[in-house]
Amino acid sequence: MGYIRTFGEIDGHPPGSKYRNRREIQHAGLHAHNQRGISGTAREGADAIVLNGGYPDDQDEGDIIIYTGEGGQSAEKKQIADQVIEGGNAALVKSHLEGLPVRVIRGHGEKSKYAPRQGYEYSGLYRIQRYWFKKREDGFQVLQFRLTFVGDADGISHLIQLDEGATPEFEFGHRPVERTSMLTERLKRRLSVVRNVKEWHDNRCQICGTTLMLPSGPASQVAHIQGLGIPHNGPDIEANALCLCPNDHVLFDNGAYYLTDDLKVVDAIKGSTLRPLRTHKRHLIGLNFVRQHRSYWTK
DNA sequence: TCCATGCGCGCTC
DNA sequence: GAGCGCGCACTGG
């Protein structure tokens, strides 16, 4: 009986469902494997993950999860090699690029307040916002993925109720606090930063110099150099932001480009240094942010 | 082919 | 009863 990979919710197995062991999870169609953390392939993407304390670099904040990729460990679970983008890791990268929802299953082996005390619990759908390489203290690189809770239509209406001061009813029975924290994190972004950066550069991409012309006018995107929020906690200020076209935004966020200390653009795939970053006298770039971004993508 | 964020038993405290 | 160490087990990729 083969596993049928399904993205999104599985009928009869809503968030909050509990399972005694991995076999039951596999049988439910929630996850392909009875031992691996990541369910998926590089071609299709990842449909589910299990958090069960297997990697110490994991961080579980409820609606925000920092999930460590697979591989590079010895049989004794010591990190003995760098992780690479293949297998399950490549599946998670694919899910990130395609915006696919990932089912998150928490196990008792994970020592966070969101983990069940016994067995496993299906927590719901998450999306992978970004990924990067983390340099560990021991010198090995591991992949990390930032997942945020997707929620659902009812969950959003609950949020609105909460804001309006109505009695919140969390009929899904889980995690009102984290859901609220996710909302506040979104609201915290300062529009003035976006406005200033776009205005200073006249919507021209700081990497390639093009401006997207739409019927409604010129368009550009403001990218953060050091990520906002958990775990990078970069500041929402102009010095940590770039004005980019959508293509170069994706390339920069995913490590195809990084910057040198003298603000030259490096093509990570070719290993060549391209043109200097376009700058503006009012737009000072924080080198500490440039260095942190570079550290995600260089050894 | 062989590995992987498993499982369960039996031991110790 | 919890926590561990060890041996055996599974199945998709």
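Here the structure is a predicted model, which means the values were calculated and not measured. Order of the sequence lines fixes the chain letters, A, B, ..., with proteins taken first and strands second; residue numbering starts at 1 for each chain.
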Is there a ring pair (Phe, Tyr, Trp, His ring centres under 6.0 Å) between A:Tyr296 and A:Phe133? Walk through the geometry before answering.
CA-CA 5 Å; A:Tyr296 303 152; A:Phe133 284 95; 9.9 Å; no
By the 4.0 Å heavy-atom rule, please label [X] as base, sugar-phosphate, or nothing.
{"X": "A:Thr68", "result": "base"}
{"X": "A:Ile38", "result": "nothing"}
{"X": "A:Gly69", "result": "base"}
{"X": "A:Asn34", "result": "base"}
{"X": "A:Gly53", "result": "base"}

Taking the nucleotide of DNA chain C with the nearest heavy atom to each, does A:Gln35 or A:Ala32 sit closer to the 5' end?
A:Gln35
Toward the 5' end of DNA chain C, which comes first, A:Gly40 or A:Arg23, by nearest nucleotide?
A:Arg23
Can you tell me if A:Asp138 has over 12 outside heavy atoms packed within less than 6.0 Å of its CG?
yes
Could you tell me the separation between the [atom1] atom of [X] and the [atom2] atom of [N], rounded to a whole number of Å?
{"X": "A:Leu30", "N": "C:dG12", "atom1": "CG", "atom2": "C1'", "result": "16 Å"}
{"X": "A:Gln118", "N": "B:dG8", "atom1": "CD", "atom2": "P", "result": "13 Å"}
{"X": "A:Lys77", "N": "B:dG6", "atom1": "NZ", "atom2": "C1'", "result": "9 Å"}
{"X": "A:Ile49", "N": "C:dG12", "atom1": "CD1", "atom2": "P", "result": "21 Å"}
{"X": "A:His31", "N": "C:dT11", "atom1": "NE2", "atom2": "C1'", "result": "13 Å"}
{"X": "A:Arg22", "N": "C:dC8", "atom1": "CZ", "atom2": "P", "result": "23 Å"}
{"X": "A:Asn21", "N": "B:dA4", "atom1": "CG", "atom2": "P", "result": "21 Å"}
{"X": "A:His27", "N": "B:dG6", "atom1": "NE2", "atom2": "C1'", "result": "18 Å"}

Kindly determine whether A:Phe252 and A:Trp132 satisfy ring pair (Phe, Tyr, Trp, His ring centres under 6.0 Å), including the steps that lead there.
CA-CA 11 Å; A:Phe252 184 77; A:Trp132 62 92; over 10 Å; no
Hey, are A:Ser112 and A:Asp60 close enough side-chain-wise for a donor-acceptor pair under 3.5 Å?
yes
If the cut-off is 4.0 Å, is A:Arg5 near the phosphate of C:dG13, judged by side-chain N/O to OP1 or OP2?
yes
Are any of A:Tyr120's side-chain N or O atoms less than 4.0 Å away from OP1 or OP2 of B:dC7?
yes
Suppose we define a pair by two distances each less than 3.5 Å, Watson-Crick or G-U wobble; what does B:dA4 pair with here?
C:dT11
Residues A:Asp202, A:Arg204: salt bridge by 4.0 Å N-O rule
no
